[in-house]
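Taking it in order: structure first as structure tokens, then the write-up.
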Amino acid sequence: MHSDFLLIRRMKQGEESAFDAFVRKYYQEILAYCGYRCADREYAEDITQETFVRFFAKLSDYSYKGKTKNYLYTIAGNLCRDYYKKIKEVPVEESELSTQTGSAEHPMEHVLSTLTVEWALKKLPDEFREVVILYYFQELKLAEIADILHIGVPLVKYRLRQAKLQLGKIFGEEGDYESGRTTYAL
């Protein structure tokens, strides 16, 4: 049996340790996803917590079908979309600047690189941005993305391809500074 099935069954029986295990299993992954979607780290944490609150609120109605993680991504994605309906643009000074740097020698390059990627992602249409985040940052498979977004795999491939083209244009328009200093694996 799948571990999620057992956890959900134990949670439905009211076992507190099952709730803790479930949150520990998925919290970091959902937080990372929300962090990519929202520039404000505190709000990303709030959305992550709200994702679990909503999942637990509907737990009695939840029927396990082997895609619990996808369901959590769907909830988190909807909450992130609601966030952007409330706040049209997040000023740069409120962006997440406190992320861990990949290199202690060049922390400013990491910050600039992160801000450049966030800026470029914000220029993409929502449906393209969503696919890029799920594929490259959350490292989900195309079929999983299709399930989360309730679309077909061919449409996921199309959106991913179009997003790459648009990102190429975005970085190409910015000249050598952004495109020359950092290699983007998109």
Side-chain angles (χ1 to χ4, degrees), residues 1-87 90 93-104 107 110-111 113-115 117-118 121-122 126-127 129-151 153 156 159-160 185:
M1 278 191 181
H2 196 270
S3 64
D4 282 350
F5 175 78
L6 297 174
L7 273 175
I8 290 167
R9 188 169 69 181
R10 289 173 41 213
M11 287 188 298
K12 284 184 175 186
Q13 294 170 348
E15 194 176 315
E16 289 294 322
S17 64
F19 285 93
D20 291 340
F22 184 81
V23 171
R24 275 193 308 275
K25 181 175 181 177
Y26 290 114
Y27 188 85
Q28 288 303 319
E29 198 170 338
I30 299 300
L31 177 61
Y33 171 69
C34 293
Y36 288 120
R37 297 287 312 277
C38 305
D40 185 345
R41 174 76 176 176
E42 287 180 25
Y43 204 81
E45 289 173 355
D46 291 345
I47 290 173
T48 301
Q49 291 171 8
E50 182 65 21
T51 298
F52 287 99
V53 167
R54 290 193 182 186
F55 178 80
F56 294 143
K58 300 287 186 182
L59 183 61
S60 62
D61 298 332
Y62 181 74
S63 174
Y64 178 78
K65 295 176 184 164
K67 300 183 181 195
T68 305
K69 179 170 66 170
N70 292 359
Y71 185 52
L72 290 171
Y73 274 118
T74 300
I75 295 169
N78 289 337
L79 290 170
C80 289
R81 275 188 284 287
D82 291 346
Y83 166 75
Y84 277 106
K85 286 179 185 173
K86 293 177 188 173
I87 300 171
V90 177
E93 58 268 10
E94 292 183 23
S95 293
E96 179 185 314
L97 296 175
S98 62
T99 58
Q100 293 180 351
T101 60
S103 166
H110 176 74
V111 169
S113 173
T114 300
L115 288 174
V117 170
E118 286 178 6
L121 286 174
K122 285 180 184 176
D126 287 341
E127 62 270 8
R129 181 182 327 118
E130 185 81 14
V131 171
V132 168
I133 290 169
L134 291 170
Y135 187 77
Y136 288 106
F137 298 104
Q138 297 306 115
E139 299 177 356
L140 295 178
K141 295 178 179 146
L142 296 174
E144 291 176 313
I145 296 169
D147 284 344
I148 291 168
L149 300 178
H150 307 292
I151 59 176
V153 173
V156 172
R159 288 180 180 179
L160 191 58

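Summarising the geometry, atom CD1 belonging to I133 is positioned 11.5 Å from atom CG belonging to L140; distances are rounded to the nearest 0.5 Å. For the atom pair D20 CG and L7 CG, the distance stands at 10.5 Å (nearest 0.5 Å). Between the CD1 atom in I75 and the CD1 atom in I148 there is a gap of 11.5 Å [rounded to 0.5 Å]. Between the CG atom in L72 and the CD1 atom in I30 there is a gap of 5.0 Å [rounded to 0.5 Å]. Annotation: the span from S17 atom OG to R24 atom CZ amounts to 8.5 Å, rounded to 0.5 Å. The CZ atom of F22 sits 14.5 Å away from atom CD of E15, with the distance rounded to the nearest 0.5 Å.
When all heavy atoms are compared, the tightest approach of K25 to S3 is NZ-OG, 2.9 Å. Of all the heavy atoms in S60 and K12, the pair that sits closest is O-NZ, 4.1 Å. Scanning all heavy atoms of the two residues, the minimum distance from C34 to A76 falls at SG-CB, 3.9 Å. Scanning both residues, Y33 and G77, for their nearest heavy atoms gives OH-CA, 3.5 Å. Taking all atoms of both residues into account, the shortest heavy-atom contact from V153 to A143 is CG2-CA, 3.9 Å.
Salt bridge D4/K69: absent, no basic N to carboxylate O contact under 4.0 Å.
Proximity of L79 to R54: side-chain heavy atoms (C-beta onward) are separated by under 4.5 Å at one or more points. Counting only heavy atoms from C-beta outward, the side chains of T48 and E29 never approach each other to under 4.5 Å. At least one side-chain heavy atom of L134 sits under 4.5 Å from a side-chain heavy atom of L149. Using a 4.5 Å cut-off on side-chain heavy atoms (C-beta onward), L142 and L160 make contact. R159 places none of its side-chain heavy atoms less than 4.5 Å from the side chain of I145.
Shown here is K141, whose NZ atom has no more than 12 heavy atoms of other residues, nucleotides or ligands within 6.0 Å.
Taking the six-membered ring where tryptophan is involved, the planes of Y64 and Y62 are perpendicular, since the angle between them exceeds 60° and thus also 30°. By the 30° and 60° cut-offs, the orientation of the rings of Y27 relative to F52 is parallel. Between F56 and F19, the two ring planes are perpendicular [angle over 60°; tilted spans 30° to 60°].
For the side-chain hydrogen bond (donor to acceptor under 3.5 Å, both in side chains) test with Y73, the passing option among E130, Q138, E144, K67 is Q138; the others fail.
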